[in-house]
Every structure is written in structure tokens, then in C-alpha cells.
2 protein chains.
Amino acid sequence: MHFPIPFNHSTSTQSAVSCTTCARQTQCFAQELDTDVLLSLAENIRQRPLARGTFAYRSGDAFNTLYFIQEGFCKKALIDDAGQECIVGFSMAGDVLGLDGCAEGCYTSQAVALQDSVVCEIPFTSLLALSFTFPSLQQSLHRIMSREIAHNQKSMLLLGSLPAEEKLLAFLYGLAQQFAVRGIAADAFDLPMSREEIAGFLGLQMETVSRAFTKLHAEGLINVQRRHIRIDTARAA
Amino acid sequence: MHFPIPFNHSTSTQSAVSCTTCARQTQCFAQELDTDVLLSLAENIRQRPLARGTFAYRSGDAFNTLYFIQEGFCKKALIDDAGQECIVGFSMAGDVLGLDGCAEGCYTSQAVALQDSVVCEIPFTSLLALSFTFPSLQQSLHRIMSREIAHNQKSMLLLGSLPAEEKLLAFLYGLAQQFAVRGIAADAFDLPMSREEIAGFLGLQMETVSRAFTKLHAEGLINVQRRHIRIDTARAA
DNA sequence: CGCGAAGTTGATTACTATCAATCTGAGTGG
DNA sequence: CCACTCAGATTGATAGTAATCAACTTCGCG
């Protein structure tokens, strides 16, 4: 059921491919990496469980590995001058972590699992070596990094200039879209992160996020019960 | 005076290399690309002047080119739902533009020159072709993209959770550092962008930026006269 | 000299942060 | 099975900050 080579040329496809017998994600959501194939190609490409609350990597660690999330949910964060954790993004099954480390030889961010997760560890040198045998793998990496750049730019748009309520709504629609792309129910889901973590990402305070949830609920735009969200995905542009 | 090959393995070097006879930047600030060499290697890698106010590329344009800024200054922006231009970053000589287009086949942002500039147009396919001959060129590209990711993450930290005055100060220190890395005087410089553009980047209103300038000046942290800034770079951590 | 774009300043309103109290639900142990 | 506990979440009151609207200033330019 998987492609015989660890890459795929299609750029337009946005649908996810996952194993039918389990929820485990084996391909990047644009089908650019197939971990089943990668695992079979190199000895040092391995799966590793990542328990809730543990780090995939920390800021300052020497960079040598990319982490492909097969199962679960992670947050990416920077530590600011005040020692405060500032969340710069969330990643889910099918995403790749650690792309920021390549430039300076060490990670500038840290990644923590918000759920018990499974990552596929891909030593960067192995990936480079494989990309000689499979040239399109190189281009897949470019696309993955490029998508990260484009995605971060959109996040910056979200952070600037929107009032709290709209920030939160846009954030939820964004999440729903991520789920939809992966073939997961997008109109009802459980938030993997706390109010505080949402606040940290949106540049707000926890209380403001909570109030925004309450208000959006009252306005009928969403349905909230603690971390369970129901949302009308048809509106999500 | 330039490297004989269009790439360089050093990762630790942070100093810039520019032509001694002119202000033109020929190498990426981490010495990863040398445009003089690139220009000599492929016919379709060309220099192009970019007049103030003109686009390097627009959102939605088909992606096929990276733009290496040799001279000048550009802003990168997204257009939000309200048709408002939201600035997601500024780029200067030695930076590479257009990295966000690789993923989806079209640019998701737009880039506009804030000064009369000169860019080196690098067709992406040419770059890929060259990276077969010069394998390290591939890794240079990875580093450039990775740096963009790390840099955007830091920008997100700037946008979230800091009050206006501190945002502006951090922005100015960041700019000063960019200048310093390139060997340009960093303790006194002219801002290439308007108050409104700074506001667009920092997620503030123009008036707030203006007030923040006034206040920082009054506090003696900076010296402002319209667009001319003097700043104590020793404090810039 | 007048014009217009860019920038500054002032007054007021709207929004968000902050501090504090309370509520809820999951997990724990008696 | 139920009270207890505690972290996460909600709500309220108030203070602080930035947005908004408006007037004014400065500078470059024809």
C-alpha cells in the first residue's frame, strides 16, 4: 500500500496517506516522505516512542536528526530572555520537527510531546546520503522546509493585528484544516494543548483565551466543553 | 577575492564577505552562496535591478526563481483577508528571497524593494542542477532555508507578549545586528522602511510606533531623527 | 511658496493584562 | 463509593496599554 520509493513527485495532492490498519501516519501529509520505506533503507533511521511531556530535542542540542511525527502531537517553543516558554508552533502526525537546527548546527527551538507520540528519527547525514540515491528525496526536503517557512509566515499574520477572539477562531480553523488534510474528523476534536499553551502561541494571556472561548461559544460560532471543540468547518474558507 | 566554488563549508563563520571596491554583496552572510561564481556557471542566472517600490515576486506567481539580494532592502508581506498588507519580514543584501514558493509551486508571500536594489535571479532548477556538480551547494541551500525558519521563529517571539516599546527596541537591535554581521555600521543607520511598515511588522499601529520612538528617545536608549537612528549596539546582547 | 506624504502629538475609547476568587473534573486514597 | 486534592479552566473587577480619530508639524519637491 505504500510507494516503493521514499518520495513522490506529486505537488498538488493534499490528501494524507496513512496505514489502514492503524492510525499511524507513515507519510508526510503531502506524501513527500514514506517512513516505512525510509526505515527499511537505513539502519540508523528508527522509530522512537515519545512520552507525553518529554523532549524530542532541546534548544542548544547539537543538530543531527530530523524527527518525523508518526503519531501524536508536539509543541515547538523558544525560551525568551525572561525564561518564559514562547510557543512558536504545533506539529502533528505527518509533520517534520527539527528543521531549524540545520543552519547553525544546533537547534534553536525545543520540541515537547503533548501526547504520547511516536517519532521516526532521521539522521540528517543519512537523509543526505539517501538523497544521492534518490534525487527526488532532496526536493522533498526542500518542499518540507519551504512549507515550514510559508506556514510560519501565516502564523505571523495570525499573531499580528487581530483581536483575541479572531485570533482564537483563526487558530481553531487552522487546526481543523490540519486535521481535515490528514483525514481526521475536523468538525469535532479534542485540543491536545492547554489554554496556557494556546495563549503562549497567540501572544495572549490564558484568561483572555478562556474568555474568547466563552464568547465564541455564546455567539454560536463554536461549541466548547473544556478541551472538546465542535466547529463548523464549512466556514473555514 | 572570491571563493572558486559557489559554496563554503564553514558553518561557524558569521562575518560577511563583500566586494572591497563596491558595496555590492556577493555572498550570503554566512558565505554560503557566491553570486559572482553562480553568475559565471549558468547562463540563466542573472543580475537584475529592482527599482524602489517594485516587486521581486507576487503572491500567487508561479515559483521558479530564488532572489539573492546583492544590494538594497526589501520587505516580505502577506495580504490578509481584509486586503491589508501584513509584513512578515525584511531582507537585506546577502539574504535570499522566495524560499516560501518551493512547497506549493507558487509564492505565498510578496517581496517589494524598499530601496533601489539589485537582485541575482537564480532559477531553482538551475540551482538544483548545479547542486549535482557541487554537492555542497545542496547543503548550503538547506542551511539558508533552515536559517529562514529559525529567524521567523525568533520574529514570532518578538511579536508575541512584548509591549510596544520593547518590541520596537528589540526590532532595532535586530536590525543593528544584521548590519553588524554584514560589516555595516550598526550604531548609526537610516531605516529603509516607514513607520507604517514597522508597525505592520510588529503588529502595532503607526501612531503607537511613533510614540514608542519618542519614548525610547526620551529615555536615552536610542537617538531618533525621522528615519535616522543612533543606538548603543553594546547593549544588543 | 504651496502642496502632499510622512510623521508626531493629543484626547478618548476599546481592548487586554493583571490580580483574585471560584469552579470543574480527573485522579487518589481512605 | 465518596471525600479529598490539585491542576486546569472560568469568571469578575480593575488597571494599564494600544487603537482610534483628529489635529498638527515637518520635510521634500515641483
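Residue numbering restarts at 1 for every chain, and letters A, B, ... go by the order of the sequence lines.
Remark: the B/Arg211 side chain and the D/dT20 base include a donor-acceptor N/O pair separated by less than 3.5 Å.
Ion pairing between B/Arg195 and B/Glu207 fails under the 4.0 Å rule for side-chain N and carboxylate O. Note on B/Glu148 versus B/Lys76: salt bridge recorded, some NZ/NE/NH1/NH2 to OD/OE distance being below 4.0 Å.
Atom CG in B/Leu202 sits about 11 Å away from atom P in D/dA19, given to the nearest Å. Rounded to whole Å, atom P of C/dC23 lies 19 Å from atom CD of A/Gln225. Note: CD (B/Glu196) to P (D/dA19) measures 13 Å, nearest angstrom. Atom CZ of B/Arg227 is separated from atom C1' of C/dG7 by 10 Å (rounded to the nearest Å). What separates NZ of A/Lys167 from C1' of D/dA18 is a distance of 12 Å, to the nearest Å. B/Glu197 has its CD atom 9 Å from the P atom of C/dA6, to the nearest Å. The CD-C1' distance, from A/Glu165 to C/dA14, rounds to 13 Å in whole Å. The separation between B/Met206 atom CE and C/dA5 atom C1' is 11 Å, rounded to whole Å.
For C/dA6, the OP1/OP2 oxygens have no side-chain nitrogen or oxygen of B/Ser194 closer than 4.0 Å. For A/Arg226, no side-chain nitrogen or oxygen approaches OP1 or OP2 of C/dG25 to under 4.0 Å. At the phosphate of C/dT9, OP1 or OP2 sits under 4.0 Å from a side-chain N or O atom of B/Thr214. In this model, the phosphate group of D/dA9 is not approached by any side-chain N or O of A/Ser210 to a distance below 4.0 Å at OP1 or OP2.
In terms of position on DNA chain C, the residue among B/Met193 and A/Leu204 whose nearest nucleotide sits closer to the 5' end is B/Met193.
The aromatic rings of B/Phe201 and B/Phe90 stand perpendicular to each other, their planes meeting at an angle above 60°, with 30° marking the opposite boundary.
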Self-check item: Step-by-step side-chain hydrogen bond (donor to acceptor under 3.5 Å, both in side chains) determination, B/Asp100 to B/Ser109
Solution: CA-CA 7 Å; B/Asp100 60 276; B/Ser109 64; 2.9 Å; yes

Practice problem: Before giving the answer on side-chain hydrogen bond (donor to acceptor under 3.5 Å, both in side chains), spell out for B/Gln84 and A/Ser161 the whole-Å C-alpha distance, their side-chain angles and the decisive distance to 0.1 Å. | Solution: CA-CA 10 Å; B/Gln84 186 73 23; A/Ser161 70; over 6 Å; no

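The listed nucleotides are D/dA18, C/dT9, C/dT18; the one nearest the side chain of B/Ala164 is D/dA18. Checking C/dT16, C/dT8, D/dT20 against the side-chain heavy atoms of B/Arg195 singles out C/dT8 as nearest.
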